Peer 1: 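One structure, pasted below without further comment.
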Amino acid sequence: MKDLVRAGQRARAAGKWSEAYDAYKAALDAAEPSVTTERERAEIAGELGLCALVLRRYRDAAEHLAWSLEQREALPAGLQLRFEEGLRKATTHVATLLVAVDPPDAEVLVDGKPVGRTARTHKLFLESGQHMVRARAPGREESLQVFTAIPGKEHEMLMQLPRSSGSTKEVATTAPREAPKALSSTLAVRSQVPSPWASWPGTLRIAGIAVTTATVSVGSLLMIRASRLDGDLSERRDGLNRDPTTSSTMCWQAPQRSACAELLRLRDERNLSGVAGTALVIAGGVIGAATAASFFTDFSFLGLTPAQERIHVSPVATGHGMGVNIGGLW
């Protein structure tokens, strides 16, 4: 195994990526758990994934890199960063499928090929296009779903297998003869469905929406109050103008304890409410615009979350025509 790893390193240094891929794949197949450490297997799988990424075998790359990062505790920090960056690049070219199955011992097949180990949740990487997912178990009804995979997008699927009506008669299922398993079968990983808000950009967006709503609401109320005060002020000013002994113009220079004090108070309150209301509405608009812009901003350059929140455009060609798939996730 170590000779194969060294051969892969030499081929990679020489830019012979196909040879490096074959060497690392042979080394991973030879890496028996009884004679190798978890770190050795994780490193080989990660290097194999990076070679597949250069060769544009994106599904293969995503599967190996994802499995390698499952053992991230055994990997040095430098390798973790390399493999995480490679996984981010690979997942932009393939679709991610999270399949939750009940009961957990049900056999899951994608396009007729078994996924592999028994698990309640499977994380799979698929090429773009339509795929058929089937789940079956003894004494249960089969479940079948068809979906269209979009590169860069994460799909979720729940498959529940109800008990068959003829429970007394056990459903006969013939297990296919086990063929050499692809790495995608043996490296299927469990994954909890991540929340689109479970990150610091999501928290800031929630706060931005709340602040925008509050500031615009308060600002609108203050502007309505200023409008009502302006009406009261106009009414009192007209009353003073109708009095031959006084006029409203005399009030702006009158002392505070004069008969015009109420008119002055209304004017000051109107001005204060109007200015404060306008300022809050403007501030709310700015915060709202910044919050809306964050939904179209890719924060992956910070290295905190995978670059999933973006628009993906990919060409599609079939026997009947060609075009593009445009998809986005916010």
Side-chain angles (χ1 to χ4, degrees), residues 88 91-92 96 98 150 152-156 158 192-313 325-330:
R88 280 195 291 270
T91 51
T92 61
T96 304
L98 298 173
I150 300 176
K153 185 175 181 180
E154 188 172 86
H155 304 268
E156 301 171 12
L158 174 62
Q192 298 295 328
V193 179
S195 168
W197 302 97
S199 61
W200 66 264
T203 303
L204 289 181
R205 287 168 186 157
I206 294 175
I209 293 172
V211 172
T212 299
T213 304
T215 52
V216 172
S217 299
V218 174
S220 300
L221 290 175
L222 288 174
M223 294 177 71
I224 293 172
R225 184 172 184 269
S227 178
R228 291 181 177 177
L229 289 173
D230 186 64
D232 294 342
L233 183 62
S234 299
E235 185 177 335
R236 290 177 179 270
R237 185 171 57 233
D238 293 341
L240 287 175
N241 287 332
R242 287 193 294 269
D243 189 345
T245 61
T246 60
S247 68
S248 60
T249 56
M250 297 170 56
C251 290
W252 310 135
Q253 291 84 27
Q256 289 186 348
R257 297 184 180 275
S258 68
C260 297
E262 182 66 14
L263 198 63
L264 295 173
R265 185 186 66 79
L266 289 174
R267 183 195 65 178
D268 293 339
E269 288 188 10
R270 180 203 62 185
N271 294 341
L272 179 60
S273 298
V275 171
T278 303
L280 285 175
V281 170
I282 293 174
V286 172
I287 297 173
T291 304
S294 70
F295 284 90
F296 300 93
T297 303
D298 180 12
F299 294 99
S300 62
F301 66 93
L302 297 176
L304 299 177
T305 56
Q308 293 181 343
E309 300 180 352
R310 63 173 69 175
I311 291 181
H312 301 283
V313 181
N325 269 338
I326 304 176
L329 175 65
W330 294 274

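Computed from a predicted model, the values in this text were never measured in an experiment. We number each residue from 1, following the sequence as shown.
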Peer 1: Could you measure the distance from the OG1 atom of T96 to the NZ atom of K153? Nearest 0.5 Å is fine.
Peer 2: 12.0 Å

Peer 1: Once side-chain hydrogen bond (donor to acceptor under 3.5 Å, both in side chains) is applied, do any residues pair with T212, and if so which ones, sequence neighbours excluded?
Peer 2: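 With sequence neighbours excluded, T212 shows a side-chain hydrogen bond (donor to acceptor under 3.5 Å, both in side chains) to no residue whatsoever.
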
Peer 1: T278 and M223: which non-hydrogen atoms are nearest, and at how many Å?
Peer 2: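 Minimum heavy-atom contact is N-CG, 3.9 Å.
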
Peer 1: Hey, what do you get for CG (D230) to CG (N271), rounding to the nearest 0.5 Å?
Peer 2: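 It comes to 9.0 Å.
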
Peer 1: First locate atom CD1 of I287, then atom OG1 of T213, and finally report the distance between them rounded to the nearest 0.5 Å.
Peer 2: 10.5 Å

Peer 1: Could you report the tightest heavy-atom contact between L222 and L280, atom names first, then the distance?
Peer 2: CD1-CD1, 3.8 Å

Peer 1: Can you tell me if S273 uses its side chain to pair, donor with acceptor, with the backbone of R270 under 3.5 Å?
Peer 2: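 It does not hold such a pair.
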
